[in-house]
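Right, one structure below, let's go through it.
Just so it is clear: chains get the letters A, B, ... in the order the sequence lines come, proteins before strands, and each one is counted from 1. Note that the coordinates shown come from a computational prediction; the quantities given were computed from them, not determined experimentally.
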Number of protein chains: 2
Amino acid sequence: MNILEKITQNKSAFSKSERKVADIILANPQTAIHSSIATLAKMSDVSEPTVNRFCRRLDTKGFPDFKLHLAQSLANGTPYVNRHVEEHDGPDEYTKKIFESTMASLEVARQSIDINIVNRVVDLLTQAQKISFFGLGASASVAHDALNKFFRFNVPVVYFEDILMQRMSCMNSCEDDVVVLISHTGRTKSLVEIAQIARANDATVVGITSKNSPLSRECNLVLSLEVPEDTDMYMPMASRIAQLTLIDILATGFTLRRGGKFRENLKRVKDTLRGSRFEKRTDN
Amino acid sequence: MNILEKITQNKSAFSKSERKVADIILANPQTAIHSSIATLAKMSDVSEPTVNRFCRRLDTKGFPDFKLHLAQSLANGTPYVNRHVEEHDGPDEYTKKIFESTMASLEVARQSIDINIVNRVVDLLTQAQKISFFGLGASASVAHDALNKFFRFNVPVVYFEDILMQRMSCMNSCEDDVVVLISHTGRTKSLVEIAQIARANDATVVGITSKNSPLSRECNLVLSLEVPEDTDMYMPMASRIAQLTLIDILATGFTLRRGGKFRENLKRVKDTLRGSRFEKRTDN
DNA sequence: ACACCAAATGTAGTAATTTTACAACTTTTT
DNA sequence: AAAAAGTTGTAAAATTACTACATTTGGTGT
């Protein structure tokens with residue numbers, strides 16, 4: 001995707017003159033996007049068609065199209081080509097990289113989401129008698145967060161960390177209940193079992209998990225998030241952020257569906273917290 | 001900076017025909033950057049010079065320059081100008097808006113972070129005898145997530161939801177303990193009290209909270225995150241994502257500080273989970 | 001070492017695109 | 001109601017990018 005990355009990668013496949021062009025562009029990409037093909041050719045000390053051929057080699061339609069791609073790469077705030085954290089990275093580098101990769105993952109997640117399913121899940125949630133959120137490990141905190149959000153809506157909402165409690169809760173579920181199961185991989189055995197139990201008791205099971213996973217096959221509805229996880233760190237990071245954002249979306253859809261008066265009620269819930277807080281000074 | 005925002009802002013200052021152009025571009029910016037001035041003029045049902053004049057009114061050098069700016073704005077992940085969810089928004093709109101506002105908030109958060117403090121906090125954490133993560137309400141799930149991450153590092157790590165448990169834990173803390181307190185507003189009374197208790201017992205208190213808040217004044221180190229929160233929804237959304245990303249950064253810094261061997265250990269922790277999961281089919 | 005072939009590069013002309021200059025039309029003001 | 005200011009479109013000019021072809025370069029086999 002990123003064209004600057006592409007240039008450095010393919011550099012070896014370029015010809016001598018094309019490499020001249022590549023060097024000039026990499027050295028000063030900001031100037032490149034504001035130059036015509038003629039000036040760029042002169043700067044690189046090659047002919048204009050060479051610049052054009054260079055652009056095509058990078059799978060762009062031509063020079064103007066190349067400039068567009070380049071402009072986008074520069075805009076992303078991704079001067080750093082590699083978003084993966086490396087051994088020798090200092091705090092400034094890994095901070096930058098983690099922010100950038102998180103944002104990039106959100107972008108990917110956004111594109112992978114099926115709006116129709118979002119809508120249907122919101123439908124289900126608004127009509128539910130009881131809503132349960134279950135997840136294990138890293139996804140437990142996501143379920144925890146969902147509890148916090150939906151609790152404000154004054155609907156019966158359930159969350160357990162303990163798998164036995166989760167099972168018991170699902171055994172007692174009935175037709176108008178919705179069980180939301182969260183798992184990045186969708187391979188956690190006990191969650192799959194819980195999905196089965198919930199369905200056996202006529203509850204509707206919604207999975208926030210990956211497509212074609214064992215868990216997804218047990219769900220009535222699957223909100224799949226295809227998030228590239230940086231496996232170097234051996235920790236779920238981006239996937240969990242995407243799940244949380246999805247929770248935000250469901251919660252938002254929920255409040256919108258309930259209408260304006262409902263939102264006023266939310267405000268009251270928030271105001272209730274005031275007693276537990278220090279007042280904000282009004283002099284700033 | 002962002003040209004799409006600029007268009008909607010200046011929309012009232014435009015002439016009738018220019019507004020036609022603005023509408024077409026706002027409706028389909030992705031198409032606009034790949035069109036010539038002629039096709040865009042035809043789509044907007046105006047003449048080519050009108051499009052050109054439109055571009056100049058937005059302080060660009062001309063149509064190609066305008067396309068460059070537009071491309072950059074789109075790359076930034078900010079196609080829709082208004083990121084605030086509104087009453088009448090459909091699922092596609094609020095989904096898009098929430099993703100975009102979340103990403104935008106991360107960008108703001110990134111810029112507000114003080115790398116030096118990140119580095120010092122990582123220092124503290126690597127040297128800590130015991131690490132505690134406490135938060136209440138929406139921040140509880142962030143603390144919960146931090147527990148999940150740091151637990152993998154094989155360091156004594158503590159997390160409680162219950163404020164009495166939090167207090168007791170802090171009373172028993174000693175010099176080499178680090179207490180991380182998470183609160184978006186920094187005005188939650190009991191958390192401020194916990195900070196005081198922890199400090200009285202010689203623990204180092206790190207706050208993930210906003211600058212100049214009551215909580216921040218009680219901390220030894222403050223990682224301040226200035227995140228614009230969309231208060232219309234009366235729910236913490238973006239702030240919490242930023243906090244989680246910060247936790248990711250601290251965890252990453254922690255593993256990097258500990259070196260390569262430590263990371264192998266992490267892999268083993270992850271592998272241990274395998275027994276509780278369904279195997280991934282290898283045929284895809 | 002020379003001839004030959006293929007790949008690479010440049011030249012010059014062509015096509016597409018954008019911009020300018022000016023004329024016609026609309027709207028507003030007096 | 002006429003003039004002025006502002007807006008929009010037409011057509012030509014200028015810029016810019018692209019194509020076809022010619023030349024050069026570098027490598028390979030005899």
Side-chain angles (χ1 to χ4, degrees), chain A residues 3 6-74, chain B residues 3 6-74:
Chain A
I3 200 108
K6 218 169 181 177
I7 294 174
T8 33
Q9 275 176 9
N10 295 31
K11 208 166 174 180
S12 51
F14 289 151
S15 72
K16 197 173 20 169
S17 303
E18 284 169 346
R19 217 164 304 160
K20 281 193 211 169
V21 181
D23 288 336
I24 291 291
I25 289 170
L26 288 175
N28 212 336
Q30 207 60 50
T31 319
I33 56 170
H34 292 113
S35 312
S36 72
I37 193 168
T39 40
L40 192 60
K42 208 171 280 177
M43 282 199 288
S44 316
D45 195 31
V46 298
S47 70
E48 297 178 24
T50 301
V51 177
N52 195 285
R53 281 188 283 260
F54 167 84
C55 297
R56 299 231 168 122
R57 200 172 290 276
L58 292 152
D59 301 318
T60 62
K61 243 203 135 213
F63 183 67
D65 190 40
F66 168 78
K67 283 209 287 191
L68 244 48
H69 280 260
L70 187 57
Q72 295 201 321
S73 302
L74 292 175
Chain B
I3 200 109
K6 217 169 180 177
I7 294 174
T8 34
Q9 274 177 9
N10 295 30
K11 209 166 175 179
S12 50
F14 289 151
S15 72
K16 199 174 15 170
S17 304
E18 284 170 345
R19 217 164 302 160
K20 282 192 209 170
V21 181
D23 288 336
I24 292 289
I25 289 170
L26 288 175
N28 211 337
Q30 207 62 47
T31 319
I33 57 170
H34 293 113
S35 312
S36 71
I37 196 168
T39 41
L40 193 61
K42 209 171 279 176
M43 283 199 289
S44 316
D45 195 34
V46 298
S47 71
E48 298 176 23
T50 301
V51 177
N52 194 285
R53 281 187 284 263
F54 167 83
C55 298
R56 299 232 167 121
R57 200 172 289 276
L58 291 153
D59 301 320
T60 63
K61 243 206 133 209
F63 183 67
D65 189 40
F66 169 79
K67 282 209 288 192
L68 244 47
H69 280 260
L70 187 56
Q72 296 202 321
S73 301
L74 290 176

To check you understand the geometry: which heavy-atom pair defines the closest contact between [X] and [Y], and what is its length?
X	Y	answer
B:V46	B:V21	CG2-CG2, 3.7 Å
B:H34	B:Q30	ND1-O, 3.2 Å
A:L68	B:I33	CD2-O, 3.0 Å
A:I7	A:F14	O-CE1, 3.8 Å

*asked:* Using a strict heavy-atom distance below 4.0 Å, which residues from residues 14-25 of chain B are in contact with DNA chain C?
replied: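 Those residues: none at all.
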*To the nearest 0.5 Å, what is the distance between NZ (B:K67) and CD1 (B:I25)?*
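It comes to 10.5 Å.
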*Minimum side-chain heavy-atom gap B:S36-B:T39 below 4.5 Å*: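 Counting from C-beta outward, B:S36 and B:T39 do come under 4.5 Å.
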*A:N28 versus A:M43: any side-chain heavy-atom pair under 4.5 Å?*
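No, their side chains stay 4.5 Å or more apart.
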*Among residues 36-45 of chain B, which residues get a heavy atom nearer than 4.0 Å to DNA chain D?*
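Within residues 36-45 of chain B, no residue comes under 4.0 Å of DNA chain D.
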*Kindly state which residues belonging to residues 52-68 of chain B come within less than 4.0 angstrom of DNA chain D, counting heavy atoms of the residue only, listed by number.*
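Contacting residues: B:R53.
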Examine distances only and state if a side-chain atom of [X] and a backbone atom of [Y] form a donor-acceptor pair shorter than 3.5 Å.
X	Y	value
A:S73	A:I3	yes
A:E48	A:A38	no
A:T60	A:D65	no

_Looking only at the side chain of B:P49 (C-beta and beyond, no hydrogens), which of the listed nucleotides D:dA17, C:dA21, C:dT9 gets closest?_
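Given the options D:dA17, C:dA21, C:dT9, the side chain of B:P49 is closest to C:dA21.
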